Amino acid sequence: MTESERARLIARVHGQVQGVGFRWWTRSRALELGLVGSATNLPASRVEVVAEGPREDCEKLLEALRSGRTPGRVDHVAELWLQPKGGLTGFVER
């Protein structure tokens with residue numbers, strides 16, 4: 001796979017997504033897709049998801065975040081696509 005086929009997704013998830021198992025659920029979906037990165041609580045009841053891997057799999061994770069099948073309630077997901085930085089291993093909850 002070339003570097004151009006890989007991507008880094010940063011998704012800021014707004015809604016009722018803290019204290020409901022959202023980060024654990026996100027980590028499980030990311031690992032199923034073979035992605036690396038993290039899910040981190042932010043102020044104002046938001047979660048930041050950083051995922052790297054094949055662009056197609058990052059898009060699947062983004063779709064899952066917006067699916068309505070997450071724990072809690074997702075009101076909005078803001079996305080940012082970047083070139084992958086590398087150096088990540090596993091998928092962690094922070």
Side-chain angles (χ1 to χ4, degrees):
M1 176 176 305
T2 66
E3 196 64 21
S4 64
E5 296 170 326
R6 297 183 62 77
R8 179 183 185 96
L9 166 66
I10 300 176
R12 295 247 171 114
V13 184
H14 302 252
Q16 182 186 356
V17 291
Q18 291 187 6
V20 294
F22 183 85
R23 290 177 300 145
W24 177 88
W25 181 90
T26 300
R27 178 180 179 271
S28 296
R29 301 297 77 76
L31 291 174
E32 288 171 357
L33 293 166
L35 301 172
V36 296
S38 61
T40 306
N41 280 339
L42 296 177
S45 300
R46 296 174 295 151
V47 170
E48 181 179 72
V49 177
V50 177
E52 282 193 14
R55 170 86 185 212
E56 180 179 315
D57 293 331
C58 289
E59 289 172 351
K60 289 177 184 175
L61 179 61
L62 182 59
E63 183 181 315
L65 295 174
R66 292 178 168 154
S67 70
R69 296 185 305 270
T70 66
R73 185 191 75 248
V74 173
D75 295 332
H76 175 70
V77 180
E79 66 186 89
L80 175 64
W81 292 95
L82 302 168
Q83 292 296 315
K85 292 184 179 181
L88 299 172
T89 57
F91 201 95
V92 298
E93 299 173 51
R94 297 185 178 145

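Values in this document were obtained by computation on a predicted structure and should not be read as measured data.
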side-chain contact (heavy atoms from CB on, under 4.5 Å) against Arg8, all qualifying residues, sequence neighbours excluded
Ile10, Val50, Glu52, Leu82, Lys85, Leu88
For a quick test of reading the model, state the closest non-hydrogen atom pair linking Ala7 to Arg55 and the distance between them.
CB-CD, 3.8 Å
Check whether Leu31 and Val36 end up in the same hydrophobic cluster, where Ile, Leu, Val, Met, Phe, Trp and Tyr are linked by side-chain heavy atoms less than 4.5 Å apart.
no
Below 4.5 Å, heavy atoms only, C-beta onward: do Arg94 and Asn41 meet side chain to side chain?
no
Distance (rounded to the nearest 0.5 Å) between Arg27 CZ and Phe22 CZ
15.0 Å
Identify the two heavy atoms, one from Ala51 and one from Cys58, that lie closest to each other, and give their separation to 0.1 Å.
O-SG, 3.8 Å
Under the side-chain contact (heavy atoms from CB on, under 4.5 Å) rule, collect the residues that match up with Leu42, sequence neighbours excluded.
Arg12, Arg46, Glu48
Specify the closest pair of heavy atoms between Val20 and Gln16, including all atoms of both residues, with the distance to one decimal.
CG2-O, 3.8 Å
Would a hydrophobic clustering, with Ile, Leu, Val, Met, Phe, Trp and Tyr connected at side-chain separations under 4.5 Å, put Trp25 with Val49?
yes
Residue pairs fulfilling ring pair (Phe, Tyr, Trp, His ring centres under 6.0 Å) with at least one residue in residues 65-94, sequence neighbours excluded:
His14-His76
Contact list for residues 34-75, test ring pair (Phe, Tyr, Trp, His ring centres under 6.0 Å), sequence neighbours left out
none
In Å and rounded to the nearest 0.5 Å, what is the OG1 to CG distance from Thr26 to Leu35?
11.5 Å
Where at least one partner belongs to residues 26-72, residue pairs that pass ring pair (Phe, Tyr, Trp, His ring centres under 6.0 Å), sequence neighbours excluded
none
In Å and rounded to the nearest 0.5 Å, what is the CZ to NZ distance from Arg29 to Lys60?
13.5 Å
Treating Ile, Leu, Val, Met, Phe, Trp and Tyr as nodes and any side-chain heavy-atom pair under 4.5 angstrom as an edge, say whether Leu33 and Val13 lie in one connected cluster.
yes
Are side-chain heavy atoms of Val17 and Val74 found at a separation under 4.5 Å?
yes
For a quick test of your reading: what N or O donor-acceptor pairs under 3.5 Å do the side chains of residues 61-71 make, sequence neighbours left out?
residue	atom	partner	partner atom	Å
Arg66	NH1	Glu79	OE1	2.9
Arg66	NH2	Val77	O	2.9
Arg66	NH2	Glu79	OE1	2.8
Ser67	OG	Ala64	O	2.8
Ser67	OG	Arg69	N	3.0

Pair Asp75 + Arg73, salt bridge at N-O below 4.0 Å:
yes
